[in-house]
K.L.:
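First the structure, then my questions, so here it is.
Numbers restart at 1 for each chain; the letters A, B, ... are given by sequence-line order, proteins then strands.
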Amino acid sequence: MSAATLAEALGLVFHLPVLLAILGGAVYGLFIGALPGLTATMATALLVPLTFYMAPLPAIALIVSSTAMAITAGDIPGALLRIPGTPASAAYTEESYAMTRKGLAVRALSIGFFFSATGGLIGATALLLTGPLLAKLSLNFSSFEFFWLAVLGLLACALVSGSSPVKGAVALALGLLVSTVGLDVTSGQPRFTFGSIELSGGVSFIPVMIGMFAFSEILRGLSGGGTDPAVRRAKPVETLPMRPYQGIFGLLRRHPRNLLRGSALGATLGALPGVGGDLAAWIAYGLSSRFSKTPEKFGTGHEEGLIEATSANNSGLSSAWIPALVFGIPGDAVTAIAVGVLYMKGVAPGPRLFAENPTMPTAIILCFFLANLLLFPLGYIAIRGARLVLAVPRNVIVPMILVCCFLGSYAINNTLFGVGIMLVAGLVGYVMERNGYPIAPVILGLVLGPVLERNFIMSMQIARGDLAGFFDRPVAAGLGLIVIAVIALTLFTQIRKALRHRRAGQHP
Amino acid sequence: MRIADRLSGSVLALFGLLVIWGSTRLPQVPGVRFGADLLPLGLGIALLGFGLIIALSSRRDGRVWINLEDWRGKDSDRRRDRLAAIWSLGGLALGLVLFEPLGFPLYGMGFMAVMMALMGARWPVIALICPGFILLLHYVFSGLLRVSLPAGPLAGILS
């Protein structure tokens with residue numbers, strides 16, 4: 001990219017309608033993202049009619065800005081109410097909510113906003129510098145590589161989500177099983193639908209997420225959940241007088257590796273159509289736990305995993321636009337809508353756009369920078385506002401959350417079927433959690449199930465049923481070996497732990 | 001509610017068997033070697049295996065099959081929480097039937113008022129917060145975000 005293109009793009013972006021669109025989109029995204037059950041995709045879809053009346057760049061700036069903010073703001077209900085806003089934020093909801101329970105809600109939210117914004121800026125830089133290169137690389141990925149990536153993400157999640165890998169694997173299998181309900185991804189046959197029209201459409205992850213995280217948490221709170229009555233009666237107020245972003249630079253100094261590793265992972269995986277963005281946060285959290293000097297602190301409200309996963313989340317969000325802009329191939333629902341808007345405005349994304357009109361894609365990338373920079377001040381305001389939520393008495397906030405659970409599950413498809421799913425998921429989640437089965441792998445299994453199955457079936461058909469075909473291509477073989485190494489390492493650790501326990505039992 | 005691992009493992013193993021049976025009954029497409037049954041079959045086998053591991057590796061420490069200790073307790077707070085938990089389930093399940101005819105505002109206010117009362121909120125607080133919160137949510141979802149929410153008998157007033 002030449003300096004002249006950059007200067008021209010800057011001129012386009014620093015234009016009042018574009019700046020207003022970025023600001024308006026950010027405020028709107030903050031509002032939508034903070035509401036349980038409303039997704040960034042829904043936020044983008046609702047904006048489309050508005051973009052009819054806008055010029056191409058402000059229209060895309062509006063979408064970019066609202067998406068970045070909605071996905072980050074989805075961390076707010078996750079941290080405060082244990083309702084993750086997106087599948088990616090489900091990766092670290094347990095961690096941020098554990099911080100809230102320790103009286104560190106402001107710190108959890110500050111980490112969320114600060115490192116999301118920083119990760120987003122790094123992702124936008126990656127988009128600017130390596131966009132075309134990464135897109136070319138991701139286009140060389142076949143079903144074999146996507147299959148191994150999905151397996152890697154699922155493994156990372158199952159292994160770090162609880163103390164027992166077997167129970168983690170059970171949770172993962174249950175999530176994958178729920179993802180098979182509906183029409184089969186390859187042949188289109190109905191599967192486990194029991195004649196129900198609603199089940200033919202599959203089970204949406206939003207009501208399951210709301211039920212498993214939020215509703216089950218309320219049941220756990222009302223049942224005591226192992227805490228004594230005095231603790232239950234205590235109001236969940238902030239116990240430490242903390243300002244938003246207080247001590248954040250100390251965290252940055254202590255954990256630069258987590259930020260860089262998460263952002264790099266997000267930027268790389270985000271460019272993979274279909275799976276990237278969501279998977280990045282989960283793998284980042286898993287990696288953070290693996291490389292941490294204090295892995296035992298994960299799940300108890302520890303900042304390391306939170307920093308790495310939130311950085312990966314927003315970094316992946318930026319790079320998800322790489323295939324959309326460079327090749328016109330949308331990787332997810334948001335970029336699909338954005339590509340549609342671009343076409344509607346007479347701007348055809350693809351390699352020719354970069355060759356013939358490089359100013360436009362560069363200006364879009366600059367919008368990412370501005371949207372992520374806006375996360376800092378708007379995050380400050382949001383965190384200050386979120387503190388009020390924590391001061392609300394328990395007998396007011398719990399009924400409010402339940403109404404939000406109901407409405408969020410209903411709003412996703414405007415049917416009561418979602419509410420039913422939420423109730424069942426809540427009960428199952430409650431029983432699972434009380435018995436040591438982690439619930440996060442259920443969500444990832446549900447999200448990645450169709451990706452895993454589609455790529456597995458496709459690969460098996462290409463390889464004519466020969467499993468050796470999964471190791472024929474160099475990248476696929478590398479990813480496959482990593483998966484095998486992770487499984488072998490886990491088995492080895494478990495056997496060593498069991499032997500140590502046995503020895504300790506023999507020699508007390 | 002704690003369930004002994006040997007019980008939860010056995011239930012999972014049985015569920016795995018059920019999934020295996022269910023996947024073998026899925027219709028096969030002629031000429032398709034890897035069909036709709038492949039993943040469910042694999043998951044059924046995995047659930048059966050993991051269930052057996054959990055059931056067989058649990059220590060025989062004489063623990064009861066199902067322990068409802070966390071739901072017991074005789075103090076008034078525990079009783080209140082128990083009733084609130086029952087209402088949170090029952091009230092939301094009731095919503096599956098009453099939501100359409102009553103509409104969101106009436107159902108939401110009713111559900112929330114009972115829940116707040118069961119959790120020990122005072123009536124003036126309930127009277128102030130319930131209508132305010134529910135009408136605000138109705139306006140945000142229905143008015144601003146164009147989510148089609150049934151308004152029930154209040155449709156004429158709220159439109």
Side-chain angles (χ1 to χ4, degrees), chain A residues 32 35 38 42 46 164 166-167 169-170 173-174 176-177 180 184 186-187 189 191-192 215 218-219 221-226 229 232-233 393-396 398-400 402-407 410-411 414 416 419-420 422-423 426-427 430-431 434-437 449 452-453 456-457 460-461 465, chain B residues 1-3 5 8 12 19 22 26-27 29 32-36 38-40 43-44 46-47 50-51 53-54 57 70-71 73 75 77-78 81-82 84-85 88-89 91-93 95-96 99-100 104 108 111-113 115-116 119-121 125 129-130 133-134 137 140-141 145-149:
Chain A
I32 296 275
L35 285 176
L38 296 191
M42 192 193 270
L46 287 168
S164 161
V166 178
K167 287 186 172 178
V170 165
L174 289 175
L176 287 169
L177 190 64
T180 65
D184 168 36
T186 47
S187 65
Q189 290 179 66
R191 202 164 45 177
F192 303 132
F215 187 47
I218 284 176
L219 286 179
L222 291 173
S223 75
R232 285 204 320 276
R233 272 197 298 271
R394 183 171 172 262
N395 55 23
V396 175
V398 168
M400 281 178 169
L402 284 171
V403 171
C404 287
C405 286
F406 188 99
L407 212 49
Y410 176 83
N414 282 356
L416 288 166
V419 180
M422 183 272 291
L423 283 173
L427 274 177
Y430 168 75
V431 174
R434 296 298 289 134
N435 293 286
Y437 293 86
L452 181 86
E453 186 177 18
F456 180 69
I457 300 278
M460 287 294 270
Q461 280 164 350
Chain B
M1 185 172 76
R2 290 190 190 276
I3 302 170
D5 274 355
S8 68
L12 279 169
V19 173
L26 287 169
V29 178
V32 175
R33 208 170 139 201
F34 310 105
L38 192 61
L39 184 63
L43 291 170
L47 282 173
F50 291 138
I53 291 172
I54 292 169
S57 63
D70 46 359
W71 288 97
D75 63 285
D77 276 358
R78 298 298 301 124
D81 279 356
R82 265 201 304 268
S88 69
L89 257 175
L92 290 179
L96 298 174
F99 187 66
E100 301 282 355
F104 172 65
F111 170 78
M112 201 173 155
M115 190 73 196
M116 284 177 77
M119 292 187 75
V125 179
I129 289 183
C130 275
F133 181 68
I134 295 294
L137 273 187
V140 168
F141 275 78
L145 303 173
R146 302 284 167 207
V147 174
S148 153
L149 287 181

K.L.:
Got A/K167 and B/D5 here, is their nearest side-chain heavy-atom distance under 4.5 Å?
P.N.:
yes
K.L.:
What distance do B/L137 atom CG and A/L407 atom CG have between them, rounded to the nearest 0.5 Å?
P.N.:
6.0 Å
K.L.:
Counting heavy-atom pairs under 4.5 Å to chain A, which of B/G120, B/A113, B/G35, B/P40 comes out on top?
P.N.:
B/P40
K.L.:
Identify the two heavy atoms, one from A/L222 and one from B/S88, that lie closest to each other, and give their separation to 0.1 Å.
P.N.:
CD1-OG, 4.4 Å
K.L.:
Could you tell me whether B/F104 and A/Y410 have their ring centroids closer than 6.0 angstrom?
P.N.:
no
K.L.:
In Å and rounded to the nearest 0.5 Å, what is the CD to CG distance from A/E453 to B/L43?
P.N.:
8.5 Å
K.L.:
With a 4.5 angstrom heavy-atom cut-off, could you sort out which part of A/N395 is near chain B: side chain, backbone, both or neither?
P.N.:
both
K.L.:
Of the backbone (N, CA, C, O) and the side chain (C-beta and beyond), which part of B/L96 lies under 4.5 Å from a heavy atom of chain A, both, or neither?
P.N.:
both
K.L.:
Which atom names give the shortest non-hydrogen contact between B/F50 and A/V166, and what distance separates them?
P.N.:
CD2-CG1, 3.9 Å
K.L.:
With rounding to the nearest 0.5 angstrom, report the CG to CG distance, A/L402 to B/L89.
P.N.:
9.5 Å
K.L.:
So which residue, B/S8, B/G108, B/A46, ends up with the most heavy-atom pairs under 4.5 Å with chain A?
P.N.:
B/S8
K.L.:
Can you find a heavy atom in the side chain of A/V403 that is under 4.5 Å from one in the side chain of B/M115?
P.N.:
no
K.L.:
Between A/T180 and B/L39, what is the shortest heavy-atom contact and its length?
P.N.:
CG2-CD2, 3.6 Å
K.L.:
I need the minimum non-hydrogen distance between A/P399 and B/M112, along with the two atoms involved.
P.N.:
CB-CG, 3.7 Å
K.L.:
Which atoms form the tightest heavy-atom contact between A/C404 and B/F133, and what is the distance?
P.N.:
SG-CZ, 4.0 Å
K.L.:
With chain A as the partner, which of B/A93, B/G22, B/P27 has the greatest number of non-hydrogen pairs under 4.5 Å?
P.N.:
B/P27
K.L.:
Taking C-beta and beyond as the side chain, do B/F99 and A/L416 meet within less than 4.5 Å on heavy atoms?
P.N.:
yes
K.L.:
Side chain, backbone, both or neither: which part of A/Q461 has an atom under 4.5 Å from a heavy atom of chain B?
P.N.:
both
K.L.:
Closest heavy-atom contact between B/F141 and A/A411?
P.N.:
CE2-CB, 4.0 Å
K.L.:
Count the heavy-atom pairs under 4.5 Å between each of B/I53, B/I134, B/L26, B/V125 and chain A, then report the option with the highest count.
P.N.:
B/L26
K.L.:
Is it true that B/F111 and A/F406 have ring centroids separated by less than 6.0 Å?
P.N.:
no
